[in-house]
Number of protein chains: 2
Amino acid sequence: MAEIGADDRLTPVLRPVRAGNGFEEALEQILQVLRLGLVPHGERLPAERELADRLRISRVTLREVLKVLQDQGLVESRRGRYGGTFVLDRPRPPGEGELRRRVASVDVEDILRFREVLEVGAAGLCAADGLDGARAEQLRAALAATHDAPLAEYRRLDTLLHLTLAELSGSSTLTAQYAAVRAQVNDLLDGIPLLVRNLEHSQQQHTALVEAVLDGDADGAREVMREHCAGTAALLRGFLT
Amino acid sequence: MAEIGADDRLTPVLRPVRAGNGFEEALEQILQVLRLGLVPHGERLPAERELADRLRISRVTLREVLKVLQDQGLVESRRGRYGGTFVLDRPRPPGEGELRRRVASVDVEDILRFREVLEVGAAGLCAADGLDGARAEQLRAALAATHDAPLAEYRRLDTLLHLTLAELSGSSTLTAQYAAVRAQVNDLLDGIPLLVRNLEHSQQQHTALVEAVLDGDADGAREVMREHCAGTAALLRGFLT
DNA sequence: GTCATAAGGTATGGGTGATGACCATTGATT
DNA sequence: AATCAATGGTCATCACCCATACCTTATGAC
């Protein structure tokens, strides 16, 4: 009575209810915020009470998380009114072999495929629905920000542009999932050099993408986005051989 | 110093680390299995010890979950060797207003959009990559099963077909996310009648979809899937006005 | 008929994290 | 200079959940 077949059908759903204890999950999420660059260096995270509230963990547990981040030099806490937890400039210590270690712990193909699906889907939805004035302006602004960006800030502003598109897609689940997968992509990208040629190509694609979205050209937007993702994917696969 | 803008950027990431206590999350996942019809009526779930192990919760907590399901008449426990937790035929008590109640607690647009993105993405990936013999056969078999299905089983086998496509996409994250969103869709669909006309149309689309995927026609597969999802979406939106 | 086995049913002790109150510090405002 | 308010820092209590062991029941194998 081997029900292995039936069991296999269950594997996608019957996953661990929690990916670790509350501490680990909270750490992961705050690292996501940092990896996505949602809070620029020098700015601060929400106050402990608010953070704990949002993550639905106790302040005690949250503080243990912040302690770790502080010990690693990623953030700094200041007391008093107008104090808070401030994001520091990353010391960038991705030693050699760091990339390989990261690759070993995740399924890169899974990440790249899922990312493409979400990005292309978001672009398609935005273009098909059309964006009203305010939203269109939001997208244009995010694009413009990437143009006159110092090299060190490019990754961050690029992430924000894509995240903006995801938000405009009208599906909060999609946005949340994209944030998660993009944080993983950024983690991988941190392990390889940032080439100016790739960057310029990216910028052309970004411009074409935004144009297509604002024109309501869904097929065009999807196609540009697909190529854009394929570029990153090829780059990463190349460095991971 | 209103940082509302900055805070808003964080909302996609700073979600509750846990959607409730372990009990609630486990209940949700097992309900997912039932809603997806992964275990046909009369068959049994994995043994308590294995289930608890997979969900990473204690058997005590799992048993509380099963107790609830048993009290609601969804499953039945039998002791002894070859015993287990068996799935019962649903008494189908979706009383009036049930649909409206469900709709009130979820963001239907979010669900429908996210579903479309995943389905279209999965179809595209499968078609673009091509499926080897075994996988192609798996897809054909899932399609065939829906053809000669009794009406009462249609929803279940349709779900399995789509889930199969998601699995073949090569992204386990995509598969897991699709399972989650499809469970929600099924929950909504349970609230509206199953029309034979829609069903026949669905079957035509399924056939065209599988053909396109097996032909490696990515654009075609995506287009068929998009229409397929749009159909369901229109149906649901119609009943939810 | 007896036994082994695999399943559900039960009891207990210990650890982790949540709750809520309180203290300490800082800088803007008055 | 005094005050206030928002923030980080600390602690005691308690509910929830886990790990583990053991008991009970039913069925096939011998």
Side-chain angles (χ1 to χ4, degrees), chain A residues 1-4 6-7 10 14 16-30 39 42-71 73-88, chain B residues 1-4 6-7 10 14-30 39 42-71 74-88:
Chain A
M1 194 179 283
E3 302 197 2
I4 302 173
D7 280 12
L10 301 182
L14 259 36
V17 146
R18 37 199 47 162
N21 48 34
F23 166 78
E24 287 173 304
E25 288 195 36
L27 175 60
E28 198 50 46
Q29 294 205 25
I30 298 192
V39 179
E43 303 234 341
R44 59 166 219 186
L45 294 169
E48 290 183 359
R49 287 168 178 81
E50 190 191 334
L51 256 184
D53 202 51
R54 287 218 206 172
L55 297 175
R56 300 280 193 96
I57 59 175
S58 75
R59 227 184 113 208
V60 188
T61 306
L62 173 67
R63 281 178 53 72
E64 281 176 29
V65 171
L66 295 179
K67 174 77 163 45
V68 171
L69 296 175
Q70 199 164 11
D71 287 347
L74 294 174
V75 302
E76 176 194 50
S77 287
R78 294 188 217 145
R79 300 179 64 157
R81 191 176 186 178
Y82 304 93
T85 309
F86 292 79
V87 178
L88 297 178
Chain B
M1 194 180 281
E3 301 197 1
I4 300 173
D7 279 13
L10 300 182
L14 259 36
R15 320 193 82 77
V17 145
R18 36 200 46 164
N21 50 31
F23 166 78
E24 287 173 301
E25 287 196 36
L27 176 60
E28 197 51 43
Q29 293 206 25
I30 299 193
V39 179
E43 302 234 342
R44 58 168 220 186
L45 295 169
E48 290 183 357
R49 287 169 178 81
E50 190 192 334
L51 256 184
D53 203 51
R54 288 220 207 169
L55 297 175
R56 301 281 193 94
I57 59 175
S58 76
R59 223 184 118 208
V60 189
T61 306
L62 173 67
R63 282 178 54 72
E64 282 176 30
V65 171
L66 295 179
K67 174 78 164 42
V68 171
L69 297 175
Q70 200 164 9
D71 286 348
L74 293 174
V75 303
E76 176 195 49
S77 287
R78 293 187 216 145
R79 299 179 64 154
R81 191 175 186 180
Y82 301 93
T85 308
F86 292 79
V87 177
L88 298 178

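Chain A is the first sequence line, chain B the second, and so forth, proteins listed ahead of strands; every chain is numbered from 1.
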Engineer: Starting at CD of E50(A) and ending at P of dA6(D), how long is that distance when rounded to a whole Å?
Structural biologist: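 After rounding, the reported distance stands at 13 Å.
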Engineer: For DNA chain C, write out the stems as range with range, using runs of 3 or more consecutive Watson-Crick or G-U pairs with both distances under 3.5 Å.
Structural biologist: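 Correct response: C:1-30 with D:1-30.
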Engineer: Using whole Å, report how far CD of E25(B) lies from P of dC17(D).
Structural biologist: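 After rounding, the reported distance stands at 11 Å.
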Engineer: Nearest nucleotide by nearest heavy atom, which residue falls closer to the 5' end of DNA chain C, E48(B) or G80(A)?
Structural biologist: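 Its nucleotide being nearer the 5' end, the pick is E48(B).
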Engineer: I need the minimum non-hydrogen distance between Q29(B) and L14(A), along with the two atoms involved.
Structural biologist: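 Result for this residue pair: OE1-CA, 4.0 Å.
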Engineer: Picking from dC17(D), dC22(D), dG8(D), which would you name as closest to the side chain of R49(B)?
Structural biologist: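 Minimum distance to the R49(B) side chain belongs to dC22(D).
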Engineer: By nearest atom, which of the nucleotides dC22(D), dG9(D), dA18(C) is closest to the R63(A) side chain?
Structural biologist: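 The closest nucleotide is dG9(D).
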Engineer: Indicate yes or no for a side-chain donor-acceptor contact from R49(A) to the backbone of R59(A) under 3.5 Å, with no hydrogens or angles considered.
Structural biologist: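 No: the side chain of R49(A) does not pair with the backbone of R59(A).
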Engineer: Whole-Å distance between dT20(D) C1' and D53(B) CG?
Structural biologist: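 About 14 Å, once rounded to whole Å.
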Engineer: Let me know the distance between CG of L45(A) and P of dA6(D), rounded to the nearest Å.
Structural biologist: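 One finds 19 Å between P of dA6(D) and CG of L45(A), rounded.
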Engineer: Quick one, N21(A) with T61(A), criterion side chain to side chain contact (heavy atoms under 4.5 Å, CB included). Give me CA distance, side-chain angles, the key distance, then yes/no.
Structural biologist: CA-CA 10 Å; N21(A) 48 34; T61(A) 306; over 6 Å; no
Engineer: Under 4.0 Å from OP1 or OP2 of dA18(C): is there any side-chain N or O of T61(A) that close?
Structural biologist: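 So the side-chain polar atoms of T61(A) do come within 4.0 Å of the phosphate oxygens OP1 or OP2 of dA18(C), strictly under.
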Engineer: Report the residue from L88(B), V87(B), L74(B) that forms a side-chain contact (heavy atoms from CB on, under 4.5 Å) with L69(B).
Structural biologist: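 Only match with L69(B) under side-chain contact (heavy atoms from CB on, under 4.5 Å): L74(B).
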Engineer: For the base of dA24(C), is there a side-chain donor-acceptor partner from R79(A) under 3.5 Å away?
Structural biologist: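 Per atom types, the contact qualifies.
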Engineer: In whole Å, I'd like the distance from the CZ atom of R59(A) to the P atom of dT13(D).
Structural biologist: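 Between P of dT13(D) and CZ of R59(A): 19 Å.
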Engineer: Return the 5'-most residue of the pair A47(A), R81(B) with respect to DNA chain D, ranking by each residue's nearest nucleotide.
Structural biologist: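 Result of the comparison: A47(A).
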Engineer: Heavy atoms only: give me the nearest L51(A)-L45(A) pair and the separation to one decimal.
Structural biologist: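 Shortest heavy-atom contact: CD1-CB, 4.3 Å.
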Engineer: Which part of the nucleic acid, if any, lies within contact of L66(A), taking any heavy atom under 4.0 Å across all strands shown: a base, the sugar-phosphate backbone alone, or nothing?
Structural biologist: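 Counting heavy atoms under 4.0 Å across all strands, no contact is made by L66(A).
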Engineer: How close do A26(A) and V65(A) get, heavy atom to heavy atom, and via which atoms?
Structural biologist: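 Nearest heavy atoms, A26(A) then V65(A): CB-CG2, 4.0 Å.
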Engineer: Nearest 0.5 angstrom please: K67(B) NZ to L27(B) CG, how far?
Structural biologist: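 Result: 13.0 Å between the selected atoms.
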Engineer: So, is T85(A) close to the dG8(D) phosphate, meaning a side-chain N or O under 4.0 Å from OP1 or OP2?
Structural biologist: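 Checking dG8(D) against T85(A), a side-chain N or O does come within under 4.0 Å of OP1 or OP2.
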Engineer: Please report, rounded to the nearest Å, how far the P atom of dT7(D) is from the CD atom of E76(A).
Structural biologist: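 E76(A) atom CD is separated from dT7(D) atom P by 17 Å.
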Engineer: Do L10(A) and R54(B) touch side chain to side chain, with heavy atoms closer than 4.5 Å?
Structural biologist: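 The answer is yes, as the side chains (C-beta and beyond) meet within the 4.5 Å cut-off.
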Engineer: When the distance from CZ of F23(A) to C1' of dG15(C) is rounded to whole Å, what number comes out?
Structural biologist: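 In whole Å, dG15(C) C1' and F23(A) CZ are 16 Å from each other.
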Engineer: What nucleotide, of dG9(D), dA28(C), dC11(D), holds the atom closest to the side chain of Y82(A)?
Structural biologist: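 Output: dA28(C).
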Engineer: Taking donor-acceptor contacts at under 3.5 Å, does the side chain of R56(A) reach the base of dG17(C)?
Structural biologist: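 Flag unset: no donor-acceptor pair detected.
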Engineer: Under 4.0 Å between any heavy atoms, over every strand shown, what does R78(B) touch: base, sugar-phosphate, or nothing? Just pick one.
Structural biologist: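 Contact class for R78(B): sugar-phosphate only.
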Engineer: Rounded to whole angstrom units, what separation is found between the NZ atom of K67(A) and the P atom of dG8(D)?
Structural biologist: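 After rounding, the gap between these two atoms is 16 Å.
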